[in-house]
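Proteins get letters first, then strands, A, B, ... in listed order; numbering begins at 1 in each. Atoms considered below: every heavy atom in the structure, side chains included; atoms not considered: hydrogens, waters and symmetry mates.
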Amino acid sequence: MLKSLAHCIRTQIPISVTFFFRSSSSSSYRSKYHNYYLRKRRKWPHPVYKARWHEKLSQQHAMQALRHQASSSPINLLSSLVESFALYNCDPTPNSYHFVIKTLIKTSQSHHISSVLNHLEKFEQFETPESILIDLIEFHGVRNEFQKAIEIFFRSPNFRCTPTVDSLNCLISVLCTRKEGLEIVPQVLLKSRLMNIRLEESSFAIFIRALCRYRKPKSAIGLLHHMFDHNFDIDGRSFSLILLTLCQQNDLECDEVMGLLEELKKLGFRLDRTDWGNVIRFLVKKKKGVESLEALSKMKLDGFKPDVICYTMVMDAVISAGDYESADQVFDEMLVMGLDPDINTYNVYMIGLCKQNKFDDGIKLLSSMEELGCKPNMISYNALLSAIYESGELGMAGYFLKRVRGKGAILMSETYEKIIYRLVRAGYVSDALDLLEEMMHKSLVPQPSTLEGIVSSLCQNGSVPKELNLLTDA
DNA sequence: ATGAATATTT
């Protein structure tokens, strides 16, 4: 009712304006609107408006009574509804049914819903708002009652509701949550076509989301082709989700994913900064240094400024690929772009230095980090420490270990293992045992191979069984 | 809104 009122007001305003400002110059134009205006004014607004106003007031009172009843004792809500509206001598509103259904759900009385629906079907005349049915479909969907959800949808005409794509979307997103629901979707689509409901972009977006959830990005791309062929607009979010899902597939090769990305672009995909980030992360995981550098420059060409994380990821990839020169370039570029490297960036760089056996530079980097207010963490220290021990320069390594400990650095399990392995190999068994003891003191569990190494070394030396006790305890 | 970093040649 409010809607038609609003419509009336909206249509009347321009009419009264033309009436005021147009004098007798064009009589046909004026009389057409003149009559329309008079008829409306004389026959319709006053009496009907007044009666409806009354009815609306009564319905408000009835609704109030129903709410009151429901809050004091929420049982027999259907009778409360009927009685309240009978008391005020007016017809129940769609809203009152919506309220009753919502209350039944809230108070765990959903077994009463079907009698409310039967009543709504048989005794009311109003067009049931689709929102009520959508709520019900959703309710049954959450409880995995797919058959009930489907029944509500196809029963809509009985409630004098012409379902639109909105309830269809609700139903299919409910069905798409589980495999057994997914299998029914085609039948539902066929039947809904007979009801003249056409799928929209939003429906396809639901299917695409479901396919991505089931890790079927290639099928989702198939759907995109279908949409493209039928001139549907494709939502950027669907593209992004498919790309993300492709990047998360471990079984796909880099070339294949890049090929599919080109296919997506042909279908109209324009990558945003998040998408580029996902592409770069994928390439880094696949250790594709060159490709990740390329992706970085394409990202820039697309007008996006990569952030510290993007630069760090690309640096990681080129370092994994052994391209230290590019790593330096990427690092410099990041600084030129005004970005501040953070602990992760420095650690990636540190790992690069370690791989090149540039231990002096690594030590310098540690102090630069301190100066720059980015304190090295366990990873910075452990990476450098392990690398120095692995190089076999045990003198330097021992000195560095002392210094690092002075800084309060905590050794990690893997670092202990590496140091112990190197010490044993070089014959410093008692140093190795000290570290082993320290490890166990911290409840770190050494690898069997580490223990074996120590034991065999002790046996060769014909050493004391006291330390062996320590080992058998582990 | 998001996403980045060690080590496994014993």
(message) Whole angstroms only, please: what is the CG-P distance between A:L271 and B:dA1?
(response) 20 Å
(request) Could you check how far CE of A:M350 sits from C1' of B:dA5, rounded to whole Å? (result) 12 Å
(request) Would you indicate what A:E390 reaches in the nucleic acid, counting non-hydrogen atoms under 4.0 angstrom: base, sugar-phosphate, or nothing? (result) sugar-phosphate
(request) Consider the side chain of A:T312, meaning its heavy atoms from C-beta on, and name the nucleotide among B:dA4, B:dA1, B:dA7 that approaches it most closely. (result) B:dA4
(request) Using a heavy-atom cut-off of under 4.0 Å over every strand shown, decide if A:D307 touches base, sugar-phosphate, or nothing. (result) base
(request) Give me the ring orientation class for A:F204 and A:H226: parallel if the planes are under 30° apart, tilted from 30 to 60°, perpendicular past 60°. (result) tilted
(request) Let me know the distance between OH of A:Y416 and P of B:dA7, rounded to the nearest Å. (result) 18 Å
(message) Whole angstroms only, please: what is the CE-C1' distance between A:M369 and B:dA5?
(response) 10 Å
(message) From CG of A:L423 over to C1' of B:dT10, roughly how many Å is that when rounded to an integer?
(response) 14 Å
(request) Grab the CE-C1' distance between A:M334 and B:dA5 for me, whole Å please. (result) 13 Å
(request) Consider the side chain of A:I351, meaning its heavy atoms from C-beta on, and name the nucleotide among B:dA4, B:dT2, B:dA7 that approaches it most closely. (result) B:dA7
(message) Starting the side chain at C-beta, find the nucleotide from B:dT10, B:dA4, B:dT8 nearest to A:Y421.
(response) B:dT10
(message) What's the closest nucleotide to the side chain of A:E414 if the choices are B:dA5, B:dA4, B:dA7?
(response) B:dA7
(request) Using only side-chain N and O atoms of A:K418, determine if any of them is under 4.0 Å from OP1 or OP2 of B:dT8. (result) yes
(message) Can you identify which nucleotide, out of B:dT2, B:dT6, B:dA4, has its nearest atom closest to the A:V308 side chain?
(response) B:dA4
(message) Are more than 12 heavy atoms, taken from residues, nucleotides or ligands other than A:R160, located less than 6.0 Å from that residue's CZ atom?
(response) yes
(message) Counting neighbours of NZ on A:K218 that are heavy atoms of other residues, nucleotides or ligands and sit closer than 6.0 Å, is the number greater than 12?
(response) no
(message) Quick check with a 6.0 Å cut-off and a 45 degree axis cone: is A:K407 positioned over the face of A:Y381's six-membered ring?
(response) no
(request) Calculate the interatomic distance between A:M439 atom CE and B:dA7 atom P; express it in whole Å. (result) 17 Å
(request) Nearest whole angstrom, please: distance from the C1' of B:dA4 to the OH of A:Y311. (result) 15 Å
(request) Tell me what A:S386 touches on the nucleic acid: a base, only sugar-phosphate, or nothing, going by heavy atoms under 4.0 Å. (result) nothing
(request) Inspect the surroundings of CD in A:E127 and state if more than 12 heavy atoms from other residues, nucleotides or ligands are less than 6.0 Å away. (result) no
(message) Categorize A:C310 for me: base, sugar-phosphate, or nothing, with a 4.0 angstrom heavy-atom threshold over every strand shown.
(response) base
(request) Please work out if A:I379 contacts a base, only the sugar-phosphate, or nothing of the nucleic acid, heavy-atom cut-off 4.0 Å. (result) base
